[in-house]
Amino acid sequence: NAGVTQTPKFRVLKTGQSMTLLCAQDMNHEYMYWYRQDPGMGLRLIHYSVGEGTTAKGEVPDGYNVSRLKKQNFLLGLESAAPSQTSVYFCASSYHTNQPQHFGDGTRLSIL
Amino acid sequence: EDQVTQSPEALRLQEGESSSLNCSYTVSGLRGLFWYRQDPGKGPEFLFTLYSAGEEKEKERLKATLTKKESFLHITAPKPEDSATYLCAVQARGSNYKLTFGKGTLLTVNP
């Protein structure tokens, strides 16, 4: 039982490049979330999904897009990377909204 | 606006020296308070959920308690393997997705 798996684990991009972060969960959870974690700040929600085919904005959605074509996968896209998007990105999933969220081990992204 | 403040920011203990971490919160009706542990280079690992004042949960050397304004994570006779960052998060009633996280307490337990 892998839980929540994020790929890639590390990535370095140049300003203006695009990329997609992949999150996969094998717990049959309905809800999935993308967070970013920056030094000295708490985890901040970027986007979330309440089920297959749905997405919604969180606290800090600007510069990001998401898609949830399959229940088990949640993709986070950066269309034109900026240095301010250098961060550690975490994906999480939960069975229901008031149930604990289970996190992956993150993607460390640097934008030069 | 929901707020979570964790204190202290960092705590050093000797093995066996019990202590407590604090999570103070302001929320418009608490739906749930969550404690997580985060090891370096890893994602947060779920520890406890508390739903109402007076509730307590225990797991090995950890015990979480909840009042109407704060939660404590008590660590009894800690071991070096308890070293980690401990995160607190709250979910407000009426919010069906949003967790507000604190900045965490970095706990170091020396042998």
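Quick caveat: nothing in here was measured; it's all calculated off a predicted structure. Letters A, B, ... mirror the listed sequences (proteins, then strands); counts begin at 1. What you see below is based on every heavy atom in this structure, not just the backbone, and it leaves out hydrogens, waters and symmetry mates.
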Problem - A:Asp105 side chain to B:Gly43 backbone, donor-acceptor under 3.5 Å - result: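 Yes, A:Asp105 side chain to B:Gly43 backbone: donor-acceptor pair under 3.5 Å.
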Exercise for the section: Ignoring hydrogens and angles, tell me if any N or O in the side chain of B:Tyr36 forms a donor-acceptor pair with the backbone of A:Gln101 under 3.5 Å. Expected result: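 Yes, the answer is positive, given that a donor and an acceptor are paired below the 3.5 Å cut-off.
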Problem - Min side-chain heavy-atom separation B:Gln38-A:Phe90 under 4.5 Å - result: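 Side chain of B:Gln38 against side chain of A:Phe90, heavy atoms only: contact under 4.5 Å found.
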Within a radius of less than 6.0 Å around [atom1] of [X], do more than 12 heavy atoms belonging to other residues, nucleotides or ligands occur?
| X | atom1 | answer |
| --- | --- | --- |
| B:Arg12 | CZ | no |
| B:Glu1 | CD | no |
| B:Tyr51 | OH | yes |
| A:Lys71 | NZ | yes |
| B:Lys42 | NZ | no |

Problem - Region of A:Arg108 that comes under 4.5 Å of a non-hydrogen atom in chain B - result: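 Only the side chain of A:Arg108 comes within 4.5 Å of chain B.
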Problem - Engaged part of A:Leu43 at the chain B interface, taking heavy atoms whose separation is under 4.5 Å - result: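 Both parts, backbone and side chain.
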Problem - Rounded distance (nearest 0.5 Å) linking atom CD of B:Gln91 with atom OG1 of A:Thr97 - result: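 Rounded to the nearest 0.5 Å, the CD-OG1 separation comes out at 5.5 Å.
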Problem - Nearest-0.5 Å distance, OG of residue A:Ser94 to CZ of residue B:Phe46 - result: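 One gets 11.5 Å once the value is rounded to the nearest 0.5 Å.
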Exercise for the section: Take A:Tyr33 and B:Leu99, measure what side-chain contact (heavy atoms from CB on, under 4.5 Å) needs, and give me the verdict at the end. Expected result: CA-CA 10 Å; A:Tyr33 315 83; B:Leu99 288 184; over 6 Å; no
Problem - ILVMFWY cluster, B:Leu87 and B:Leu30 together (side-chain gap under 4.5 Å) - result: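 B:Leu87 does not cluster with B:Leu30.
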Practice task
State plainly whether one hydrophobic cluster holds both B:Phe101 and B:Phe72, where clusters connect Ile, Leu, Val, Met, Phe, Trp and Tyr through side-chain heavy atoms under 4.5 angstrom apart.
Solution key: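 Result: no, two separate clusters.
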Exercise for the section: Specify which of B:Gly102, B:Gly32, B:Gly41, B:Ala89 makes the most heavy-atom pairs with chain A at under 4.5 Å. Expected result: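 Highest number of heavy-atom pairs under 4.5 Å: B:Gly41.
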Exercise for the section: Carefully, step by step, assess A:Glu59 and B:Lys98 under the rule side-chain contact (heavy atoms from CB on, under 4.5 Å). Expected result: CA-CA 9 Å; A:Glu59 293 176 79; B:Lys98 180 176 168 59; 3.2 Å; yes
